[in-house]
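Since the model is a prediction, treat every value here as computed from it, not as a measurement. Remember, it's 1-based here, ligands and their atoms both numbered in the order they're listed. The analysis underlying the following values was restricted to heavy atoms, covering all of them including side chains, and did not include hydrogens, waters or symmetry mates.
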Amino acid sequence: MQTPVDPTKTEAWHKLSALHDAFVPDLRGAFDADPQRAEKYSFTAAELFVDLSKNLIDGAVLKALVDLADEVGVPAHRDAMFAGERINVTENRSVLHTALRRPKGDVLEVDGVNVVEQVHEVLDAMYAFADRVRSGEWVGVTGKKITTVINIGIGGSDLGPVMVYEALKPYVEPGLEARFISNIDPTDVAETTKGVDPETALFIVASKTFTTLETLTNARMAREWLLDALTESGAIDGSEAQRADAVSKHFVAVSTALDKVEAFGIDPANAFGFWNWVGGRYSVDSAVGLPLVITLGPDNFQNLLEGFHAMDEHFATAPSAQNVPLLMGMLNIWYVNFFKATSHAVLPYSQYLHRFAAYLQQLTMESNGKGVRLDGSPVVTETGEVFWGEPGTNGQHAFYQLIHQGTQLIPCDFIAVANPAHPLKDGDADVHELFLANFFAQTKALAFGKTADEVRAEGTAEEIVPARVFVGNRPTTSIMAPALTPSVVGQLIALYEHITFVQGSVWGIDSFDQWGVELGKQLALQIAPAVAGDAAALEAQDGSTKSLVGYYLAHRV
Ligand code: F6P
């Protein structure tokens, strides 16, 4: 296996260490000294305007970060990813989510196959299927048009579609809705199917592997729910033939394992495939996006893909010093490895992006939560910060206190759009403008703070002055776009995919495997018999597990 460059042994790392040791954060001073600072550190990527000027950087730091990316080979690693090399070494796979959004007619041969052609074959099939559902040509077992699409999946087979569905709600076709079941907690199936008419429901079982316990369990429960309800209402007579007919009209699947789909009882003609070179957390733009294609329509999904592609093009071709994903990824390296930041907040000033942080948590943390490098040796630096966030302004009234005045350095990304989906007014006041004023105010407060003298000048009693001082120099990146269109959502997702990639490249880790989730899955299967009351299985557990399962067994009614 290839031995990655040790970033800490590079010239640029040494330079960054020295710069960090001498660095005195002073954003007020930096802006006063350089009236061009905002312009100098603002960049454009596709339609995104990205202002890095309120980060703890100067020209020397930014140059050293770009040099570090070069020295560890980020651009070469990026090119290898785009070319389809097997950079996912622990699974011996190519990493080609970028091929999912390449335009029709492009050619990218991997192992002698033009993968772009394969991608478009599936997209065309998805679009044709979605058109049938949307037009009412595809009907349920009683001839009724589909109105509710229920996606059953978890992790990458859930978070991407949920997040984008929520983000693009204004684009949802009237008369259609999507719902999402992910958790094996039976509450999820029970609550999500509440109020749904089985005759107008279409279930999409989405699982890359089609082995995931949660998804298959939920799919079986949903199938029973559907068949029981249809039988009870007399819509079907409950015979095997009618049950199979109902399943074929109300269940479709998305997977890389089409043989397993068939074994589950879903007609392979109603299954949409993808490939093992698409990581689960990178799959919303594959067939996993089927609930989006149906509810938003093929044109909007196509625009989403075009947004992804525009950001890919930027990442693949922009010079490093203007390459936004590269710069943002390297800034994260600066904060994690030099300032020892352990978390990163993403704060969208858009209620429609209320699941964006949850989505990013899988993308970033499943990718970069790694302790060994590509050659199996231990990592040489901190990796994988915690990503988290909530939409503004809600977060302002909850956790921003800690970001403003706590003792931890938490770099934040603020995201906003110029044009709202709903230009509502409060009397004469444009509410979106009020919302944006908060967006602008927060990064200003975090950067420039408030001095003791400024607090005193407001007439504050001396003993409370310290509590009301804001030290400032809290780093933020502001990202703005014209509006939250499908294309912009695609651009934002691809931006964070590539930021994640850049960080993983510097750390020399495999950002595309996720072995860390396996142990818990295996143990759950081992423990399940004990929970069901098998005394020998219970006896084989450790003391704490025995005690906890014992509590359950004693208290279940
Ligand atoms: O267990 C983690 C994981 O493999 C994720 O990487 C993935 O997105 C999720 O489970 C769901 O997997 P699948 O799509 O194969 O059901």
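Listed by atom number, the atoms of ligand 1 under 4.0 Å from Thr212 heavy atoms are 12 (O), 13 (P), 15 (O), 16 (O). Heavy-atom contacts of Gly155 reach the following atoms of ligand 1: 8 (O) (cutoff under 4.0 Å). Proximity to Val517 (heavy-atom distance under 4.0 Å) selects the following atoms of ligand 1: 1 (O), 2 (C).
Note: an N/O pair closer than 3.5 Å links Gly156 and ligand 1 by distance alone.
Contact annotation: Glu518 has no heavy atom less than 4.0 Å from any atom of ligand 1. Residue Gln362 places a heavy atom less than 4.0 Å from ligand 1.
Looking at Arg281 and Glu366, a side-chain N of the basic residue comes within less than 4.0 Å of a carboxylate O on the acidic one, giving a salt bridge. Between Asp111 and Arg86 there is a salt bridge, since at least one side-chain N of the basic residue sits less than 4.0 Å from a carboxylate O of the acidic one. A salt bridge links Arg243 with Glu224: the closest approach of a Lys/Arg side-chain nitrogen to an acidic carboxylate oxygen falls below 4.0 angstrom. A salt bridge links Glu497 with Arg101; the closest basic N to acidic carboxylate O contact falls under 4.0 Å. For the pair Lys370 and Asp513, the salt-bridge criterion is met [side-chain N within less than 4.0 Å of a carboxylate O].
With atom 10 (O) of ligand 1 as the reference point, the heavy atom nearest to it among Glu214, Lys521, Lys208, Arg281 is part of Lys521.
Distance alone, capped at 3.5 Å, places no donor-acceptor pair between the Asn151 side chain and the Leu290 backbone.
Among all non-hydrogen protein atoms, the one lying nearest atom 9 (C) of ligand 1 is Ile154 O, 3.7 Å.
Contacts between Thr209 and ligand 1, counted as non-hydrogen atom pairs separated by less than 4.0 Å, involve both the backbone and the side chain.
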